[in-house]
*Asks:* 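Can you read through this structure? Questions will come right after.
Indexing begins at 1, ligand by ligand and atom by atom, following the structure's order.
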Amino acid sequence: MKVLIVGCGFAGLEAAKELRKRSRELEIAMIDRRTRFEYLAALPEILSAKVSPAELSADLNKFAAKINAEFINAEVVAIDFTAKIVKIGTAEREIPYDYLVLSVGAEQTFFGIPGAEEHSYSVNTLDGARSTKETLDTLDPTKKINVAVIGAGLTGVEVAGELVVYFEAKGASARICLVEMMPQVLPAFARENLANPVRKNLTGRGVEILTETAVQEVGDDAILFAGGAKFQYDIIIWTAGIKPNTLLQILDLPKEKGWLKVDSDLRVPGHEAIFAIGDTAYFESDKGRSGQNVEEAEGQGKVAAENIIRALKGERLKSYRPKNTIQNPRALISLGADKAVIFFA
Ligand SMILES: Cc1cc2nc3c(=O)[nH]c(=O)nc-3n(C[C@H](O)[C@H](O)[C@H](O)COP(=O)(O)OP(=O)(O)OC[C@H]3O[C@@H](n4cnc5c(N)ncnc54)[C@H](O)[C@@H]3O)c2cc1C
C-alpha cells in the first residue's frame, strides 16, 4: 500500500512523519519541486541577518531517509485520479499511488496590479528573501533610502520591524512606509488590542504607516496610489496576499475560491483516497474556517495521516477540529529588535 505526498512543506512533512509513526510497513513517497524544506514563517528575519538562509531550510532527502520514505525531487504537472497516477516533470514519469495527500501550499498574488510583480521583491520564498536582502545591501547608505512594504498583515509588519533593525545596523537613513488597503494594520485579526500595540511599536521606531491606501499601479521608480498620491521608491517589498497554487487550476476536484474543498475528515469530497491539507485546503466546520498558518497545516497533516491508517483498517475516520481559525486567529508576531507580540483568542 503506497501513500504519495505531493508538497513537502509544514503539512506534507507532518503527514509523512505521522504516517511512519503509525505504520512501519506502509510505503511512503514524497514529491517536492524543491530539494529543501523552507521555514517560511521566519523568512522576514533574513533581512536583518538575525538568521541565515541556511538556518531556515532542511534537506528533504535526509528527512525522507530518516523516516524510511522515498523522496522525489520533481514538479507535479498533472494527476490522473482514475488511474491513480501522478505525472511529474515533463509528464514522462508517472508515480502510482493508493492514497494521495495534496499539500502544495499557496502562491503569492499581486492582484493583477500593473507593474507590481515586475518591480517588487518578496520574502515569500527562501530565494525571494535572499534576493531581497542582497538588493537592500546594494542601496547607497549615504543617501536617504525609500522603502515601501505593501500589505500590513503578519508578514508585512514583521518585514517592517526587521527593516528598522537592518537600516540601524547599516547606519543608513531610510523612509520605511508600510502600506495597507484596510483601515488598520493586521486586518485579519480585526482586534484593536493587537493592532494598536503593533502600530505603536512600529511608528515609535520610525515606520510610516499608510492605512486605507490601495496600490493602483507600480512604475519604474514610483508607486501610484488610488486617489492619485505617488511614492518614489528605491525598493518595494510585496507582502500582500496569497492565491491557490497554479497546479490546482488543472485538477478536476471540488474547490472553493480556487482552494481544494475537504470534508470533515480532510478527504476531498467524492474522492475516498485523496486528502488535501495545509494552505491548499479549504476547511470549514462549526468551529470556523481553518486559517492558512503553520498550526493548521501541521494539525491537518497529523489528522490526515491518522485517517489514512484508520481507512486502511476499515475504521471510522476522525473529524478535524481547527484551532487557529479565520474567525479566531492566534499568532506570535516578531517585530525585530527582540520584540514580539503573542496573541491568543
Ligand atoms: C513570509 C511568510 C511568513 C509567514 N509567517 C507565518 C507565521 O509567522 N506563522 C504562521 O503560522 N504561518 C506563517 N506563514 C504561513 C505558513 O508558512 C503557511 O501557512 C504554511 O507554510 C502552509 O504549509 P503548507 O505545507 O500547506 O505549504 P508550504 O509550506 O508552502 O509547502 C508547500 C510545498 O509544496 C511544494 N510544491 C508546490 N507546488 C508543487 C508542485 N507542483 N510539485 C511539487 N511540489 C510542489 C513547494 O515547493 C513547498 O515545499 C507565513 C508564510 C509566509 C510566506
*Asks:* Just to confirm my output: which protein heavy-atom neighbour is closest to atom 33 (C) of ligand 1, and how far is it?
*Replies:* Asp32 OD2, 3.5 Å

*Asks:* Any chance the side chains of Tyr99 and Asn307 put a donor and an acceptor closer than 3.5 Å?
*Replies:* no

*Asks:* Starting from atom 15 (C) of ligand 1, locate the nearest protein heavy atom and write down its residue, its atom name and how far away it is, to 0.1 Å.
*Replies:*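 Nearest protein contact, heavy atoms only, for atom 15 (C) of ligand 1 is Gln292 O, 3.9 Å.
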
*Asks:* Is the closest N or O pair between Val76 and ligand 1 shorter than 3.5 Å?
*Replies:*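 Among all N and O atoms of Val76, at least one is under 3.5 Å from an N or O of ligand 1.
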
*Asks:* May I ask which of Asn245, Asn124, Leu60 has a heavy atom nearer to atom 38 (N) of ligand 1 than the others do?
*Replies:* Asn245

*Asks:* Counting non-hydrogen protein atoms only, what is the nearest one to atom 23 (O) of ligand 1? Give residue, atom name and distance.
*Replies:* Ala297 CB, 3.6 Å

*Asks:* Between Thr125 and Asp127, is there a side-chain donor-acceptor contact under 3.5 Å, judged purely by atom types and distance?
*Replies:*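 No - no donor-acceptor pair under 3.5 Å links their side chains.
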
*Asks:* Can you figure out which of Ala41, Ala15, Ser290 has its heavy atom closest to atom 4 (C) of ligand 1?
*Replies:*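 When every heavy atom of Ala41, Ala15, Ser290 is considered, Ala41 comes closest to atom 4 (C) of ligand 1.
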
*Asks:* Mind checking whether Thr280 has an N or O less than 3.5 Å away from an N or O of ligand 1?
*Replies:* no

*Asks:* Just to be sure I'm reading this right: ignoring hydrogens, which of Leu40, Val6, Ile277, Asn73 gets closest to atom 17 (O) of ligand 1? Compare them by their nearest heavy atoms.
*Replies:*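 It is Leu40 whose heavy atom sits nearest to atom 17 (O) of ligand 1.
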
*Asks:* Could you tell me, atom by atom, which parts of ligand 1 come under 4.0 Å of a heavy atom of Gly278?
*Replies:* 26 (O)

*Asks:* Check whether any N or O atom of Pro44, backbone or side chain, sits under 3.5 Å from an N or O atom of ligand 1, and answer yes or no.
*Replies:*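 The answer is no, given that Pro44 and ligand 1 share no N or O pair closer than 3.5 Å.
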
*Asks:* Atom 36 (N) of ligand 1: which protein heavy atom is closest, and how many Å away?
*Replies:* Arg33 NE, 3.8 Å

*Asks:* What's the shortest heavy-atom distance between Asn245 and Val104, and which atoms?
*Replies:* ND2-O, 3.0 Å

*Asks:* Show the atoms of ligand 1 that are less than 4.0 angstrom away from any heavy atom in Ser103.
*Replies:* 32 (C), 33 (C), 34 (O)

*Asks:* List ligand 1 atoms under 4.0 Å from Val294, heavy atoms only on the residue side.
*Replies:* 10 (C), 11 (O), 12 (N), 16 (C), 19 (O)

*Asks:* Below 4.0 angstrom from a heavy atom of Gly105, which ligand 1 atoms are there? Numbered from 1 as shown, please.
*Replies:*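 In order of numbering, the contacting atoms are 26 (O), 27 (O), 30 (O), 32 (C).
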
*Asks:* Among protein heavy atoms, which lies nearest atom 1 (C) of ligand 1, and at what distance?
*Replies:* Val123 O, 3.4 Å

*Asks:* Under 4.0 Å between a Lys/Arg side-chain N and an Asp/Glu carboxylate O for Arg205 and Glu168?
*Replies:* no

*Asks:* Between Arg267 and Asp265, is there a side-chain N and carboxylate O pair less than 4.0 Å apart?
*Replies:* yes

*Asks:* Quick one: do the Glu55 and Ser52 side chains pair a donor with an acceptor below 3.5 Å?
*Replies:*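 Yes - a donor-acceptor pair under 3.5 Å links their side chains.
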
*Asks:* Using a strict cut-off of 4.0 Å, indicate which atoms of ligand 1 neighbour a heavy atom of Thr155.
*Replies:* 1 (C), 2 (C), 3 (C)

*Asks:* With respect to atom 20 (C) of ligand 1, which of Phe37, Phe10, Tyr39 exhibits the smallest heavy-atom separation?
*Replies:* Phe10

*Asks:* I need the nearest protein heavy-atom contact for atom 19 (O) of ligand 1: residue, atom name and distance, please.
*Replies:*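 Its nearest protein heavy-atom neighbour is Asp279 OD1, 2.8 Å.
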
*Asks:* Specify the protein heavy atom at minimum distance from atom 28 (P) of ligand 1: its residue, its atom name, and the distance to 0.1 Å.
*Replies:*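 I find the closest protein heavy atom is Gly9 CA, 4.0 Å.
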
*Asks:* With no hydrogens and no angle check, just 3.5 Å: does a side-chain donor-acceptor pair link Thr213 and Glu180?
*Replies:*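 Judged by distance alone, the side chains do not pair up.
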
*Asks:* Check if Ala331 has a non-hydrogen atom at a distance under 4.0 Å from any atom of ligand 1.
*Replies:* no

*Asks:* Of the protein's non-hydrogen atoms, which lies at the shortest distance from atom 25 (O) of ligand 1, and what is that distance?
*Replies:* Ala11 N, 2.9 Å

*Asks:* Quick test of your reading of the model: are Glu306 and Arg22 salt-bridged, counting only N-O distances below 4.0 Å?
*Replies:*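 Salt bridge present between Glu306 and Arg22.
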
*Asks:* So is Ala42 touching ligand 1 or not, going by heavy atoms under 4.0 Å?
*Replies:* no

*Asks:* Given the rule in the ring pair (Phe, Tyr, Trp, His ring centres under 6.0 Å) test, do Tyr121 and Trp238 qualify, once you have shown the distances and angles that lead to the verdict?
*Replies:* CA-CA 6 Å; Tyr121 286 83; Trp238 194 272; over 10 Å; no

*Asks:* If you count every heavy atom of other residues, nucleotides or ligands that lies below 6.0 Å from Lys133 atom NZ, does the total exceed 12?
*Replies:* yes

*Asks:* Looking only at distances, please establish whether an N/O atom of ligand 1 is found under 3.5 Å from an N/O atom of Asn293.
*Replies:* yes

*Asks:* Inspect the contact between Glu284 and Arg289 and indicate whether a charged nitrogen and a carboxylate oxygen are less than 4.0 angstrom apart.
*Replies:*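 No, this pair does not count.
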
*Asks:* Once you round to the nearest 0.5 Å, how far does CD1 of Ile95 lie from NZ of Lys84?
*Replies:*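 Here the rounded value is 16.0 Å.
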
*Asks:* Is a donor from one side chain sitting under 3.5 angstrom from an acceptor on the other, for Gln184 and Thr211?
*Replies:* no

*Asks:* Got an N/O contact under 3.5 Å between Glu295 and ligand 1?
*Replies:*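 No, there is no polar N/O contact under 3.5 Å.
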
*Asks:* Are Lys50 and Glu162 close enough for a salt bridge, meaning some N to O gap below 4.0 Å?
*Replies:* yes

